[in-house]
Amino acid sequence: MSDIVQRVAKLNEPQQQAVKSDARHLLVLAGAGSGKTSVLTHRMAWLIESGQAAPHGTLAVTFTNKAAREMRLRLEELLPSSPHGMWIGTFHGIAHRLLKAHWRAAKLPENFQVMDSDDQHRLVKRIINELGLKDDLLDSRKVQWFINGQKDEGIRAQFVTNSYSQQDKLFKQIYMAYEALCQRTGMVDFGELLLRAHELWLNNPPVLAFYQQQFQQVLVDEFQDTNSVQYAWLRVLCGDQVKLTVVGDDDQSIYGWRGAKVENIQQIQQDYPDTELVRLEQNYRSTGTILEAANAVIDNNTDRLGKELWTAGDKGDPIKLYAAFNEIDEARYIADSIESLLDQGTNASDIALLYRSNAQSRVLEEALIHLQIPYRIYGGVRFYERQEVRNLLSYLRLVASRNDDAAFERVVNVPARGIGAKSLENIRIVARDQGSSLWDAVTFMLQNGGLKGKAAGAVAAFQLLINELDEASEDMELSELCKLAIEASGLEAHYDKEGKEKAIARKENMQEVVNASKNYETNTEGLPPLMAFLSEASLDAGDAQADVDEDSIHLMTLHSAKGLEFIQVFMAGLEENLFPHRMSMDSSTGLAEERRLCYVGITRARENLTLSYAETRRLFGSETRNRPSRFIQEIPEELVDSVRPTLKTTSTFASGNYGSSNSYRSSKGGFSARNSDMGNALSEHESLSLGSRVRHPMFGEGVIVSASGQGANVAVTVAFEGEGVKELMLQYAKLEVI
DNA sequence: AAGATAGTCGTTTTT
DNA sequence: CGACTATCTT
């Protein structure tokens with residue numbers, strides 16, 4: 001106890017108030033870098049050490065697995081003994097745990113399986129087909145989006161508001177069929193986990209009472225990210241006994257698109273008028289300059305709860321801004337900068353490279369590889385989303401649950417064993433007609449001669465394979481079962497045949513699954529190891545599996561960067577249409593959320609922040625020109641140091657694509673953006689600048705639209721009239737200025 | 001039935 | 001550009 005008292009004494013005044021509060025409901029509004037996680041973990045330790053909560057009576061909810069792991073780690077440092085029995089996890093993870101424990105009360109099969117969004121999308125497509133609704137106008141992804149949106153709001157198919165719109169009626173019809181199929185095959189999607197967990201409380205008073213008895217303290221991190229169901233679930237759980245602490249920051253609400261409701265912060269004060277409010281506004285993370293920039297940007301949003309971060313620290317270095325010719329130039333600049341940081345002795349792990357969308361990572365990676373800078377990507381194509389990993393897991397899922405249709409469809413013919421589209425279609429029809437899973441349909445068809453010779457044999461062999469794996473699993477460790485599945489399924493031979501680099505990587509990844517499974521051979525909270533492993537695979541992206549040892553820089557989206565901090569931060573791609581992203585630009589709420597995302601990005605930096613944008617960017621196969629992001633302009637000029645000064649220019653930025661030289665226009669007006677300064681690439685070639693008209697002996701006349709490289713390696717992109725866009729090395733191309 | 005090839009299409013963020 | 005589909009050839 002004395003230990004924690006001493007530690008708490010080191011916190012600042014409002015932090016201590018939050019940690020020690022004995023209010024029944026506590027709302028902590030915590031700005032970026034104000035010690036939010038620290039307050040949360042200290043409070044948990046405080047509550048336990050002071051006897052206000054038993055370890056197993058403490059429930060802490062986070063949004064990401066990373067955050068949950070981090071919290072556990074920090075608690076281990078604070079508590080004399082490891083936090084045994086505490087409930088720490090994501091909303092989804094905790095919902096899953098509850099449903100596994102109370103599957104009967106939740107009206108689920110004991111071996112229900114969790115679907116990820118890819119499984120879900122396939123299922124939606126299948127239903128659209130089966131209902132005979134396949135139509136170019138019906139976008140399966142929109143349907144998926146719709147279903148998830150309804151579930152986020154806690155609305156089951158039958159309660160979807162009736163609408164006269166033809167589309168809404170269709171959506172509702174598909175949702176109904178989807179719900180029925182999931183129930184029939186024991187499949188649960190992400191939204192369903194939360195919805196069921198909520199219904200578990202509502203429909204089973206004894207179960208609810210049990211947990212209300214068990215939990216004395218519930219704590220929620222990143223509360224601004226809770227959606228309607230999560231909030232409802234919390235409210236029911238807390239009843240009029242359990243104490244609730246929530247921590248959040250309305251300025252960091254970046255998941256509105258996924259149903260998150262910032263309003264929950266106000267809602268909780270309405271629902272519980274006695275809620276104690278503590279604000280944490282002192283920032284301990286960033287320099288004065290970085291903080292000022294962040295404040296200036298977020299100040300452009302209206303409807304904020306109001307909060308101004310301040311720091312007692314130094315102003316620090318100015319923010320760097322690099323205006324790149326194109327995305328390759330941008331990547332090169334960033335990689336060069338990182339290299340010199342490393343040369344100066346910065347740890348790679350103190351450097352982060354952030355971007356708006358995953359698609360941006362490839363070019364950046366290439367530049368890093370070129371300079372042999374070790375990096376690690378979070379997110380992107382996640383480990384458990386890789387094709388070979390999913391295939392392997394599908395075999396295991398079938399072992400765990402024969403009714404797992406998603407897994408069945410995925411691997412019944414992978415590797416190819418002669419069960420083609422026709423056979424599968426027949427199986428689907430039987431399954432639909434008798435309302436069974438695909439597996440049961442096959443069993444039925446085999447008994448009744450519903451499948452013809454070749455396909456019948458192949459399907460029977462497949463069933464036998466799964467059954468044998470199941471039997472074998474009885475007396476071997478999980479990792480051995482994985483190994484056996486790789487061999488017996490034929491996946492190993494399948495990828496062996498490809499024999500290329502890719503195939504080798506695939507086999508390595510399958511081996512990685514074997515390794516990962518070893519962690520689940522013991523200590524699985526009462527679940528059978530296979531079950532525990534599979535649900536973890538669905539609920540956790542598997543980021544933790546990547547090589548943790550090497551000191552490497554971090555690459556990730558701005559979204560995944562939330563909650564983290566780095567000494568050096570690079571934010572790439574600050575261009576209109578990319579950041580803010582074009583998909584969120586047509587509404588003021590969308591734009592405000594992009595701005596909060598920018599705020600999140602800026603506040604990740606402790607000492608140095610480098611922003612960059614590219615004047616032209618190759619995206620979706622064609623060259624695009626975008627203006628610098630409005631967020632750049634929102635940062636006070638005096639805080640920014642332009643690496644390549646922006647001058648008035650003769651060119652303008654077209655807002656859309658342009659493919660030929662015709663659409664490249666010169667104009668006097670508009671935005672200030674550099675290009676005639678010629679920066680690194682063109683400065684030695686005095687007569688050339690972006691926008692220069694040139695003549696090539698072969699291609700004729702054209703306009704220079706971008707340039708990159710240095711010294712002898714300057715490359716220019718020229719839009720030739722009639723010949724299209726070409727990239728030329730300046731030292732070889734015989735270009736003549738007109 | 002399976003593989004190869006051509007052609008189309010849509011492109012954010014994540015548990 | 002690349003993931004997915006439709007169509008072809010074997």
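Proteins get letters first, then strands, A, B, ... in listed order; numbering begins at 1 in each. What's counted below: heavy atoms across the whole structure, side chains too, no hydrogens, waters or symmetry copies.
Of the candidate nucleotides B:dA1, B:dT12, B:dT14, B:dA1 has the atom lying nearest to any side-chain atom of A:S423. Nearest to the side-chain atoms of A:T90 among the listed nucleotides B:dT15, B:dT12, B:dT14 stands B:dT15. Across B:dT12, B:dT15, B:dT13, the shortest atom-to-atom separation from the side chain of A:T557 is found for B:dT13. Distance from the side chain of A:A416 is smallest for B:dG3 among the nucleotides B:dA1, B:dG3, B:dT14. Out of B:dT12, B:dT13, B:dA1, the shortest distance to the side chain of A:K422 is found at B:dA1. Relative to the side chain of A:H559, the nucleotides B:dT14, B:dT15, B:dT11 differ in distance, and B:dT14 lies closest. For A:D139, whose side chain is taken as the heavy atoms from C-beta onward, the closest listed nucleotide among B:dT15, B:dT13, B:dT11 is B:dT11.
Residue-to-nucleotide proximity on DNA chain B shows that, of A:G420 and A:S560, the 5′-proximal contact is made by A:G420. Residue order along DNA chain B, read from the 5' end via each residue's closest nucleotide, puts A:R417 first among A:N358 and A:R417.
The aromatic ring of A:H581 is stacked on the base of B:dT12, with the two ring centres less than 5.5 Å apart and the planes inclined by under 30°. Under the stacking definition used here (centres under 5.5 Å, planes under 30°), the residue A:W257 qualifies as stacked on the base of B:dT13.
Rounded to the nearest 0.5 Å, atoms CG (A:L219) and OG1 (A:T62) are 11.5 Å apart.
Residue A:L193 contributes atom CG, which lies 19 Å from atom P of B:dT14 at whole-angstrom precision. In this structure, the CG atom of A:L558 is 10 Å from the P atom of B:dT14, given to the nearest Å. Whole-Å rounding puts the A:N148 CG to B:dT12 P distance at 16 Å. What separates CZ of A:R97 from P of B:dT15 is a distance of 21 Å, to the nearest Å. Going from atom CG of A:D189 over to atom C1' of B:dT14 covers 14 Å, rounded to whole Å. Atoms OH (A:Y384) and P (B:dT15) sit 14 Å apart, rounded to a whole Å. In this structure, A:W233 atom CH2 and B:dT15 atom P are separated by 18 Å, rounded to whole Å. Rounded to whole angstrom, the span from the CG atom of A:D152 across to the P atom of B:dT14 amounts to 16 Å.
When the side-chain nitrogen and oxygen atoms of A:N577 are compared with OP1 and OP2 of B:dT12, none of them lie within a distance under 4.0 Å. Between A:S538 and B:dT15, a side-chain N or O to OP1/OP2 separation shorter than 4.0 Å is absent.
Nucleic acid contact for A:F63: sugar-phosphate only, since backbone atoms but no base atoms lie under 4.0 Å from a heavy atom of the residue. Within the 4.0 angstrom heavy-atom criterion, no nucleotide atom of any strand lies near A:D116. Using a 4.0 Å heavy-atom cutoff across all strands shown, A:F91 reaches no nucleic acid atom at all.
Within the 4.5 Å cutoff, the side chain of A:Q387 has heavy atoms near those of the A:N391 side chain.
Rounded to whole Å, the separation between the C1' atoms of C:dT5 and B:dT12 comes to 24 Å.
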Write out a two-atom table: protein N or O, nucleotide N or O from nucleotides 2-4 of chain C, distance below 3.5 Å.
residue	atom	partner	partner atom	Å
C:dG2	OP1	A:R362	NH1	2.9

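The ring of A:F462 has its center closer than 6.0 angstrom to the ring center of A:F408. Separation of the A:H559 and A:Y378 ring centroids does not fall under the 6.0 Å cut-off.
If you run salt bridge (charged side-chain N to carboxylate O under 4.0 Å, His left out) between A:D119 and each of A:R126, A:R390, A:K125, only A:R390 comes through.
Within 6.0 Å of atom CZ in A:R156, more than 12 heavy atoms from other residues, nucleotides or ligands are found, so the atom counts as buried in its surroundings.
Ring-plane geometry between A:W233 and A:F91 is classed as perpendicular, the angle between the planes exceeding 60 degrees on a 0 to 90 degree scale with a lower cut at 30.
For A:S394, the side chain to side chain contact (heavy atoms under 4.5 Å, CB included) criterion is met by A:A407, A:R410, A:V411, not counting sequence neighbours.
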Between A:L539 and A:F190, does the side chain to side chain contact (heavy atoms under 4.5 Å, CB included) criterion hold? Intermediate values first, please. CA-CA 8 Å; A:L539 294 169; A:F190 290 137; 4.0 Å; yes

Side chain to side chain contact (heavy atoms under 4.5 Å, CB included) assessment of A:L564 paired with A:K66: CA-CA 10 Å; A:L564 306 176; A:K66 211 194 286 172; 3.7 Å; yes

Would you write out the dot-bracket form of DNA chain B, 5' to 3', with Watson-Crick and G-U pairs under 3.5 Å, [ ] for crossing pairs, | for pairs to other strands and . for unpaired bases? ||||||||||.....

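Within the 3.5 Å criterion, the main-chain N or O of A:F325 finds a donor-acceptor partner in the side chain of A:T616.
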